[in-house]
Structure formats: structure tokens, C-alpha cells
Amino acid sequence: MLSLMQEEAVRFCAELIRIDSTNTGDPASTGDGETRCAELIRDWLSELPSEWFERVPGRGNLVVSIPGKDPQLPRLAIHAHTDVVPADPVKWSVDPFAGEIRDGRVWGRGAVDMKDMIGMLVAAVRQTLREGHRPRRGIVLLFVADEEVEGANGMGFLVDEHPEVFRGVNEAIGEVGGFSVPTPTGDAYTIGIAEKGIAWATLRATGTEGHGSMVPNLEGAPARLVAALQRISEHEWPEEVDATASAVLTGLGSVLGVHVDPRDESGFAQALAPLGPVAGMFSNAFRTTAAITQVHAGSKTNTVPGEAIATVDCRIAPGRDEEFRRVFAELVGPGIEVTWETGQSVVAPYDTALVASMRAAVQAVQPDAQFLPFLTGGATDAKSLDRLGIACYGFVPLRLPPGFDFPGAFHGIDESVPVDALRTGSLILREFLLSQ
């Protein structure tokens with residue numbers, strides 16, 4: 001019977017990939033794929049009570065409830081998003097929306113971000129229903145739209161306009177974490193306990209327009225903006241080692257068998273080398289970063305424009321949100337307007353019963369597994385849930401083969417997930433659900 005669950009995990013992932021649920025960020029070009037995904041999931045979980053929330057037609061959010069034996073216990077939320085980022089088929093070697101299964105992988109946009117989790121989770125839930133299991137505490141399954149942009153039609157919408165969905169929920173599981181990493185002593189499974197803050201800055205400089213042949217005006221809009229961007233790009237943000245970072249570094253040192261210090265740049269890179277392609281997911285976790293992503297000014301070569309605009313994608317080390325704002329303002333300097341789209345850093349404790357149940361579920365399937373707390377540089381729907389005081393964890397269990405470029409699969413060309421990882425992940429999620 002467990003083999004049925006494992007095959008369902010693979011099949012469900014592939015079927016979801018075949019629904020083009022691209023989120024372009026533009027309402028005019030984003031279709032109804034998220035609703036079609038949610039409707040399919042609702043069919044798969046038709047035995048359970050569900051609710052439907054749709055702020056915008058075609059962008060449905062499905063909430064499925066698994067009643068618990070003890071209604072007095074706090075409930076657990078498990079969430080996944082149905083939208084995916086765009087994929088240019090010209091650049092892919094496979095059709096990004098064919099859900100092709102070959103060479104031991106499921107190929108297509110969303111294979112790891114995050115239709116894999118939906119496939120594994122739905123298969124595991126169906127298996128526990130077949131076994132007649134009922135959890136001690138209630139579990140809320142959320143399959144939401146719009147995570148890839150800002151969540152205004154997805155998790156943010158639910159949190160802001162339907163907080164009753166989360167009544168009694170004190171913990172949540174979503175992305176990023178759960179994937180295995182190679183170490184000298186075997187596989188170590190990550191458990192996400194934090195994510196960096198996000199701050200998208202739009203810088204707008206204004207000045208007097210003029211002819212390009214005149215004496216350069218260093219106070220003009222383009223010159224002032226370029227000077228600010230140079231200060232931002234040249235600033236070296238310090239490595240931050242707070243309690244969360246210390247927990248991650250201690251875990252790294254334990255599984256790698258070496259001292260790990262991000263302030264020793266060359267030594268840090270060497271220490272992380274055994275992690276292979278996922279090393280980069282750890283190396284940038286402890287430092288605030290600011291990447292210039294867009295610059296717009298002018299329409300003619302011989303005309304100095306009166307306005308210049310740039311955007312900067314900033315990711316803030318946990319706990320440094322206020323300090324970041326102060327330093328960034330100093331770098332920008334006077335005469336430039338800054339507007340923000342922000343999300344606070346998110347941190348959850350590692351020494352909890354929920355984390356213990358994740359670890360136990362993994363070891364029930366892979367007894368020699370080790371564990372590693374993880375801090376992600378990305379932003380997820382945890383940003384919205386954190387506003388309700390819900391402790392958020394990353395746990396999408398995937399046993400990955402050596403050399404698999406997991407970070408490269410996120411939003412990458414030829415995104416894929418190993419079939420064996422889906423099978424193993426469904427086993428782990430079943431064990432986890434049985435422990436609740």
C-alpha cells in the first residue's frame with residue numbers, strides 16, 4: 001500500500017506541472033492555472049472538509065482541514081503554493097509544462113518550487129486516510145496562489161482578510177528546508193528555522209533637465225543616483241552571528257567535522273565545499289546583501305533627464321532590520337527619495353517538539369540521517385504567517401542524490417526533481433503526519 005502512496009506522489013507532482021500556473025506579476029497576463037491546480041487538489045482530497053477563497057477570479061486558494069481528536073490542542077498549518085515563475089520554452093530542453101518523467105526525474109516548472117511538496121503531501125494525507133489515522137491535533141492544509149510575487153492574492157490575502165482560517169494555529173510548515181545535503185559522514189537533512197528579511201528599495205532622484213553638451217552637473221538626477229548606487233554596491237555588510245546564525249554554524253560544524261566561521265571568507269568557503277552545489281545556500285545566509293537590479297533614466301543620448309530611478313533588492317540578516325534601514329539611508333544620502341516593499345526577517349526556535357517530530361519522521365525512513373538547522377536567504381509565505389505570531393519552519397523532505405544542483409533548480413532552466421526523492425519524501429511526510 002505504501003508503494004501506491006509513493007507512485008501517487010510522483011504522479012500528482014507531474015499532473016500539477018502540466019497545469020501552467022505561471023505567475024507573471026501582471027494581472028493581465030496571469031491566467032487561471034492556480035485555480036485549476038487548487039481544484040485538482042480538492043478532488044484528490046475530497047474526503048476532507050475544505051474551504052475556497054478567491055480574491056481575484058482564477059487565483060483560487062484552497063484550505064483543507066484534517067480534524068484532530070483533541071480540539072483543545074493548538075493546530076498545525078502545512079502550506080504550499082501553486083503558482084510558478086515564468087519559463088521560456090525556447091531555453092528548455094523539455095517542455096516546461098509537460099510534466100515529463102524520464103531519466104529518473106520529473107521535469108518541468110514547479111518541480112522543486114513547489115509542486116513536489118504538494119504531490120508528496122497530498123499522497124501522504126491520502127495514505128493516512130486509507131489507514132484510518134486521525135491526528136491528535138487538527139491540521140490545516142493550505143494550497144495558495146501568488147507566493148512568487150507578493151502573496152496579495154494568496155497567503156497575504158488569507159492572513160489579512162480571513163484570519164479565522166488560522167484560529168488556533170501556532171506552528172506552520174512550508175518551504176525552504178527538508179532537503180538533504182551530503183556530508184563526510186552521510187546525509188544531513190535541513191530544517192528551516194529562519195529566513196532573511198526582504199527590502200525592495202526604489203530610489204528616485206530628480207534634477208533639472210538639460211542638454212548633454214553642457215558642463216556635467218554632478219547634482220543632476222542621473223549623477224546623484226549613480227553616486228548613491230556606487231556607495232551601496234561598494235559597502236561591505238558585516239557577517240552577523242546572532243543566536244540563529246550560531247545554531248546554524250554549530251550544526252554545520254557538527255556535520256562537517258570542522259570549525260565554521262563566516263568571518264573567515266576563504267576558510268568558510270573551503271569548509272562548506274563538501275556540501276557541493278548547496279554550499280551557496282549557506283554561504284550568503286549570515287550577511288545582509290544589496291543587489292542593484294534595475295536602472296532607468298532618460299530617453300535620448302543628448303538630453304540629461306530630470307529623473308532617474310533604480311531598484312535594489314536587499315536581503316537582511318535576521319534581527320538586523322532596523323540597523324539596515326539606518327545604514328542604507330546613510331549610503332543613499334540626501335536628495336533621493338526611497339520607497340520600500342518590505343518583509344521582516346522570520347525566526348523560529350529549533351529546540352521544539354515539532355522539530356523533534358520532523359527529525360523522528362526522517363529517521364524512521366533513514367535511520368542514519370543527521371540534521372542541520374537552516375537559514376534561507378529567500379522570502380516565502382512565512383512572512384505573512386509571521387504577522388499572526390505563527391512559528392514557521394521549512395520542511396519539504398527530499399533525499400537528493402550527490403551532485404544534484406538543488407539551488408539551481410529554483411526558477412532555473414530545465415527544473416526537475418528526482419523520482420526517488422519524491423518517493424522517499426512521501427514516506428517521511430506520512431511518518432510525520434502519523435506522529436501528530
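Quick caveat: nothing in here was measured; it's all calculated off a predicted structure.
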>> Just by distance, no angles: are the side chains of D386 and Q344 close enough, under 3.5 Å, to form a donor-acceptor pair?
In response: no
>> Applying salt bridge (charged side-chain N to carboxylate O under 4.0 Å, His left out), can you list everything that pairs with D420, at least two apart in sequence or on another chain?
In response: R423
> Which residues pass the side-chain contact (heavy atoms from CB on, under 4.5 Å) test with L249, sequence neighbours left out?
Replying inline: V241, L252, V260, P262, F268, F286
>> If the condition is salt bridge (charged side-chain N to carboxylate O under 4.0 Å, His left out), which residues does R326 pass it with, not counting sequence neighbours?
In response: E330
> Looking at residues at least two apart in the chain, or sitting in another chain, which of them share a side chain to side chain donor-acceptor pair (under 3.5 Å) with R126?
Replying inline: E8
> Excluding sequence neighbours, so at least two apart, what forms side-chain contact (heavy atoms from CB on, under 4.5 Å) with P222?
Replying inline: V304, P305
Donor-acceptor pairs under 3.5 Å, side chain of residues 11-20 to any protein atom, not counting sequence neighbours: which ones?
residue: R11; atom: NH1; partner: E15; partner atom: OE2; Å: 3.1
residue: R18; atom: NE; partner: A98; partner atom: O; Å: 2.9
residue: R18; atom: NH2; partner: G99; partner atom: O; Å: 3.1
residue: D20; atom: OD1; partner: T22; partner atom: N; Å: 3.1
residue: D20; atom: OD1; partner: T22; partner atom: OG1; Å: 2.5

> Among all residues two or more places apart in sequence or in another chain, which pass the side-chain contact (heavy atoms from CB on, under 4.5 Å) test with R134?
Replying inline: P67, K69
> Residues in side-chain contact (heavy atoms from CB on, under 4.5 Å) with A124, at least two apart?
Replying inline: M5, L429, R430, L433
> Got a sec: does the CZ of R136 have more than 12 other heavy atoms crowding it under 6.0 Å?
Replying inline: no
>> Please enumerate all residues that pass salt bridge (charged side-chain N to carboxylate O under 4.0 Å, His left out) together with R36, with sequence neighbours excluded.
In response: D32
>> Taking side chain to side chain donor-acceptor pair (under 3.5 Å) as the cut-off, I'd like each qualifying pair that reaches into residues 47-64, sequence neighbours left out, listed once.
In response: N23-R59, E34-R59, T35-E54, R55-N153, R59-D146
> Should R137 and E171 count as an ion pair when the cut-off is N to O under 4.0 Å?
Replying inline: yes
>> Enumerate the side chain to side chain donor-acceptor pair (under 3.5 Å) contacts for residues 376-385, please, sequence neighbours excluded, ordered by first and then second residue.
In response: E195-T380, E195-K383
> What residues form a salt bridge (charged side-chain N to carboxylate O under 4.0 Å, His left out) with E148, not counting sequence neighbours?
Replying inline: none
